[in-house]
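Encoded as structure tokens, the structure appears first; notes follow it.
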Amino acid sequence: MKYDFSAVESKWQKKWDEAHIFEAQDNTDKPKFYGLVEFPYPSGVGMHVGHIKAYSGLEVICRKRRMQGYNVLFPIGFDAFGLPTENSAIKTGIHPRQLTDRNIARFTDQLRRVGFSFDWTRTIDTTQEDYYKWTQYIFLKMFEKGLAFRDTALVNYCPHCKVVLSNEDSQGGKCDICHSEIIQKSKDVWYLRITEYADKLLEGLEHVDYLPNIKQQQVNWIGKSRGAFVNFGLTGTDEKLRIYTTRPDTLFGVTFMVIAPEHPLIAKMADRIGNMEEIQAYQTACTKKTEFERTQLVKDKTGVRIQGICGINPVSGKEIPLYIADYVMMGYGTGAIMAVPAHDERDYAFAKKFGIDIIPVIKGGDIDKEAYTGEGEMINSGFLNGLTNKADSIAKMIEYLTEHGLGEGGVQYKMKDWAFNRQRYWGEPIPIVHCPTCGMVPVPYDQLPLRLPPVTEFEPGQGGESPLARVESFVNCTCPRCGGKARRETDTMPQWAGSSWYFLRYIDPHNSHAIADMDKMRYWLPVDWYNGGMEHVTRHMIYSRFWHRFLYDIGEVPTPEPYAKRTAQGLILGPDGEKMSKSRGNVVDPNDVVREMGADVLRVYILFMGDYGAAAPWSENSMRGCKRFLERVADLPGKVSDTESPVLESALHKVIKKVSSDIEEMKFNTAIAAMMGLLNDIDDAGSLTREQLMTFVRLLCPFAPHLCEEIWEQEGGQGFCSLAPWPEFDEAKTVDETVEIAVQINGKVRGKVTLPQNADKDTALTAVRADPKLAAQLEGKTVVKEIVIPNKIINIVVR
RNA sequence: GCCGGUGUGGCGGAAUUGGCAGACGCCCGGGACUUAAAAUCCCGUGAUACGAGAGUAUCGUACCGGUUCAAGCCCGGUCACCGGCACCA
């Protein structure tokens with residue numbers, strides 16, 4: 001049969017659509033399965049084969065679940081606010097609304113052509129008013145609870161995009177969008193107090209099934225450490241200098257202190273500092289350095305001694321010099337440290353450079369050469385002397401500090417609060433009014449959504465303010481509280497806002513009274529399986545878990561965690577083995593593949609490439625192998641006969657078993673390999689029965705649904721193959737009556753024997769001796785040991 | 001530096017978790033069909049040595065060592081590459 005994939009594929013896409021077979025049911029007693037994939041950003045360049053891979057995994061799983069009788073929710077939508085569209089609007093003068101609609105239409109068309117079984121009735125677009133109304137609603141709830149607040153602080157700022165970035169958006173000191181160097185700038189910005197949820201986010205990980213590396217990355221990102229806050233005295237004042245340390249046990253070894261260049265102590269003590277000019281010069285030098293430069297010079301410590309003020313060690317009473325240095329960051333702990341050069345590498349480097357004393361307090365190592373960071377017996381440490389266990393020393397010191405009011409135990413997180421505003425047009429307006437008398441007043445809930453006003457110029461202003469600031473009719477308003485003249489907030493929310501709760505909206509996408517109906521959420525939540533990219537593990541995943549947990553705490557959602565299970569797909573690399581990118585010219589367009597090879601080939605190939613979680617290079621040749629496979633499948637109806645081969649029947653049941661379990665483990669490559677193998681078995685057998693064909697077609701259906709529907713229909717299958725019951729295997733048929741077992745002599749394979757299933761040791765050894773070749777090998781040797789592992793191996797040790 | 005991961009034929013990758021290494025696919029070689037080519041089908045295909053030959057032997061999962069009747073898998077050490085974080089006190 002000449003298989004016309006393009007006609008068959010559009011035929012079945014149309015039929016599925018008309019029969020509404022992939023739409024989730026809301027009121028049923030069926031067990032549910034909520035499969036979620038990361039919704040795409042509808043960029044102007046269209047889809048990438050990487051998108052297809054990201055969706056294909058759960059596509060197969062969801063299709064299998066439907067065949068297993070589940071009520072499946074497998075939705076898709078578009079995360080459409082954000083800079084790329086806005087930048088394109090600036091360039092072309094076309095309104096982002098139009099660009100977004102155009103891009104979404106294009107993405108939708110591409111996704112449909114691949115035959116994904118999404119529920120298209122629940123599609124969402126984060127830039128629609130009835131969607132971002134609820135994004136604003138959640139923001140206001142956070143504002144009410146004090147979790148959204150304004151503060152003046154040093155922020156990551158991209159001079160090229162003219163925008164404030166969160167920590168998560170400026171990883172590696174580069175702007176996530178344009179990759180320019182980001183700089184530190186003092187600005188009045190909005191924050192979401194995600195740090196308040198650090199412990200809950202950490203604790204929640206214990207109750208979810210994420211891949212171990214995903215969990216680990218989140219744990220590292222949150223970066224919880226335990227230690228102590230210690231208040232050091234300062235000479236000539238009652239003022240205390242508070243520091244954070246994870247090593248309070250080394251307090252007796254403190255020989256100097258360091259504060260960050262931005263530390264407020266400098267300004268406060270300016271009149272007592274003897275070398276203010278020198279210090280100010282140092283501060284200026286530091287602000288000129290980018291974050292990147294500051295972290296690059298790891299080994300080369302710089303700093304300036306603060307003249308006129310010394311620290312006082314609270315346990316020994318010793319006076320110690322105080323420095324300002326940029327190896328201490330204002331953003332972590334208290335921005336001030338106690339330095340123990342004997343037992344900390346950075347302090348050691350600094351002490352060596354500035355000629356500061358190094359006093360060991362832990363025995364071990366050679367402090368003439370390097371800092372000793374290991375454990376050992378405490379020395380030179382007053383009441384800690386003689387202790388050998390680090391945890392004991394820490395506990396005893398914290399107890400001492402607490403008793404004497406010198407400090408206390410505490411924890412710190414690397415994660416920082418989420419800088420939440422952007423000086424841009426294409427985002428959700430922050431629904432806050434600035435009133436000269438009432439201060440910051442939330443827009444009342446019944447006035448949501450606060451709509452984006454129409455504008456024609458999308459460039460940020462000269463001072464880096466949002467384009468919204470130029471729209472007088474938007475900015476000028478009355479205070480909802482006092483009715484007086486007020487000004488609206490003109491900043492918008494960051495890209496990550498809309499995606500922080502989208503999985504809730506799929507449950508009830510048209511609800512105009514709530515985020516989603518509570519009963520529906522009780523049925524559908526949590527998301528059973530969420531798949532996406534590793535690049536979102538420390539951003540979107542943390543943000544959305546934070547929002548969800550917050551919504552749970554205020555009773556708006558029924559579960560503390562949004563996602564029960566999370567997996568990640570690996571990248572598709574270009575044919576050259578490099579990451580696909582426009583500049584390298586190695587990008588593969590899924591459209592081309594669908595046109596030339598068909599959607600089924602694309603789907604099967606992407607899953608056959610290799611381990612789903614690993615990166616793999618694209619190979620046109622390898623894909624042709626998949627095309628051959630499907631063409632041979634298309635020829636199967638011609639091989640149907642009534643004669644049944646028991647060998648084939650057994651092979652079929654083994655494959656049902658393997659494909660069923662491989663899909664659950666996302667081992668799609670071996671599932672497909674098993675089906676290819678079965679096809680070879682069919683050729684060996686010469687024919688297969690109609691029933692066997694129908695079973696095979698159902699197994700392959702989640703991978704290559706168009707072809708399978710076509711065969712299913714041709715061969716008189718009932719209804720849609722996509723909804724036919726998932727094949728069951730007969731365990732008895734997967735087990736062969738006899739097994740061929742390798743026989744080793746001294747660990748080397750010397751022959752094979754065929755034995756009944758689970759044959760005992762005697763039977764096995766008798767068979768070995770009955771084999772002339774093996775018997776000859778054993779001739780004249782002394783048998784030392786005979787190892788028989790039923791159905792696996794026989795090993796005879798001889799001398 | 002820290003955390004995580006990977007290392008297997010010419011290539012993508014398998015290996016029931018300690019039991020015949022290289023499934024499946026690609027590439028390549030040979031053959032069939034064809035005027036010819038493409039497509040398709042069949043056979044072969046880790047390396048080396050011996051053999052005319054079916055075959056036989058040795059070596060082989062980054063490297064060194066160990067445990068075990070048996071190691072790609074476990075343990076100790078080394079190297080390389082990839083991803084994330086990075087002066088986090």
Side-chain angles (χ1 to χ4, degrees), chain A residues 171-173 211-217 219-221 223-225 227 243-247 250 257-258 260 291 294-301 325-329 331-340 344-347 349-350 412-416 534-535 537-538 570-571 573 577 579 604-605 608-611 613-626 628-629 631-632 635 657-658 661 667 669-680 683 740-752 784-798:
Chain A
Q171 297 182 15
L211 291 179
N213 54 335
I214 293 177
K215 265 192 199 180
Q216 195 57 50
Q217 270 196 33
V219 169
N220 291 349
W221 186 259
K224 183 174 185 170
S225 78
I243 62 95
Y244 174 73
T245 179
T246 53
R247 295 298 303 276
T250 62
M257 298 181 80
V258 186
E291 177 96 352
R294 234 173 115 165
T295 55
Q296 272 309 91
L297 306 164
V298 173
K299 284 279 147 59
D300 190 22
K301 299 274 182 291
D326 67 358
Y327 84 91
V328 173
M329 306 289 150
Y332 183 78
T334 62
I337 63 159
M338 63 177 219
V340 186
D344 180 281
E345 284 166 25
R346 294 151 304 171
D347 297 345
F350 193 87
Q412 275 294 303
Y413 303 94
K414 286 187 195 174
M415 187 169 69
K416 294 175 191 166
M534 282 305 292
E535 69 276 19
V537 164
T538 51
L571 287 178
L573 305 173
K579 198 171 165 179
V604 170
Y605 172 59
F608 183 65
M609 288 174 87
D611 183 339
W618 187 266
S619 159
E620 190 92 12
N621 277 333
S622 214
M623 181 163 62
R624 260 193 287 275
C626 293
R628 263 174 227 150
F629 166 59
E631 279 166 355
R632 285 171 70 200
D635 285 337
K657 186 176 180 177
K658 178 150 183 67
S661 63
K667 290 163 76 175
N669 53 337
T670 51
I672 293 166
M675 289 187 280
M676 288 173 167
L678 185 68
L679 202 58
N680 294 339
D683 279 352
E740 190 178 59
I741 295 173
V743 181
Q744 298 181 336
I745 293 170
N746 289 344
K748 298 198 169 172
V749 178
R750 297 295 172 187
K752 281 166 191 178
V784 180
K785 203 169 179 182
E786 291 162 327
I787 295 130
V788 178
I789 312 290
N791 299 342
K792 295 213 161 148
I793 205 145
I794 297 165
N795 191 6
I796 296 170
V797 186
V798 295

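Chain A is the first sequence line, chain B the second, and so forth, proteins listed ahead of strands; every chain is numbered from 1. Note that this is a predicted model, so its numbers are computed, not measured.
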Taking atom P in both B/A23 and B/A47, compute the distance separating them and give it to the nearest angstrom.
-> 13 Å

For every nucleotide of nucleotides 11-20 of chain B, 5' to 3': is a protein heavy atom under 4.0 Å from its base (B), only from its sugar-phosphate (S), or from neither (-)?
-> -BSSS---BB

Residues that A/Y244 engages under ring-ring contact (aromatic ring centres under 6.0 Å, His included), provided they are two or more places apart | A/F229

Take atom P in B/G22 and the same atom in B/G31, then report the distance between them in whole Å.
-> 28 Å

Take atom P in B/C24 and the same atom in B/A14, then report the distance between them in whole Å.
-> 14 Å

Conformer about C1'-N of B/U34 - syn within 90° of 0, anti elsewhere = anti

Any side-chain N or O of A/R628 less than 4.0 Å from the OP1 or OP2 oxygen of B/U40?
-> yes

Spacing of the C1' atoms in B/U61 and B/C73 (rounded, Å) | 10 Å

Run through A/I243, A/D347, A/V258 and flag the one making a side chain to side chain contact (heavy atoms under 4.5 Å, CB included) with A/M338.
-> A/I243

Does B/A57 have OP1 or OP2 sitting under 4.0 Å from an N or O in the side chain of A/R750?
-> yes

Taking CD1 from A/I745 and C1' from B/A57, how many angstroms apart are they, rounded to a whole number?
-> 15 Å

A/Y244 vs B/A89: side-chain N/O to OP1/OP2 distance below 4.0 Å = no

Can you tell me if A/Y605 uses its side chain to pair, donor with acceptor, with the backbone of A/S619 under 3.5 Å?
-> yes

Looking at the angle O4'-C1'-N9-C4 for a purine or O4'-C1'-N1-C2 for a pyrimidine, is B/G7 syn or anti, with syn meaning within 90° of 0?
-> anti

Quick one: label A/S619 by what it contacts on the DNA or RNA (base, sugar-phosphate, nothing), any heavy atom closer than 4.0 Å.
-> nothing

Nearest-neighbour nucleotide for the A/D326 side chain, B/G84, B/G25, B/C87 considered = B/C87

Taking the same atom, C1', in B/G12 and in B/G77, what whole-Å distance lies between them?
-> 32 Å

Using the C1' atom in both, what is the distance from B/C74 to B/U17, to the nearest Å?
-> 11 Å

B/A38 and B/C28: how far apart are their P atoms, nearest whole angstrom?
-> 11 Å

A/S661 (side chain) donor-acceptor with A/K657 (main chain) under 3.5 angstrom | yes

Which one is paired to B/A49, where only Watson-Crick or G-U wobble pairs with both distances under 3.5 angstrom count?
-> B/U56

Given RNA chain B, 5'-ward residue of the pair A/K748 and A/N680, judged by closest heavy atom | A/N680

For A/D683 and B/C41, what is the distance between atoms CG and P respectively, to the nearest whole Å?
-> 8 Å

On RNA chain B, check which nucleotide each of A/M676 and A/N213 is closest to and give me the residue with the more 5' one.
-> A/N213

Round to the nearest Å and state the distance from A/D344 atom CG to B/G1 atom P.
-> 16 Å

Tell me whether the guanidinium CZ or amine NZ of A/K301 lies under 6.0 angstrom from the six-membered ring centre of A/F350 and within 45° of its axis.
-> no

Between B/U45 and B/G10, how far is it from one P atom to the other, in whole Å?
-> 16 Å

Within 6.0 Å of CD in A/E786, more than 12 heavy atoms from elsewhere = yes

Pairing partner (Watson-Crick or G-U wobble, both distances under 3.5 angstrom) of B/A37 | none

Which nucleotide in the list B/C24, B/A89, B/G4 gets nearest to the side chain of A/S225?
-> B/A89

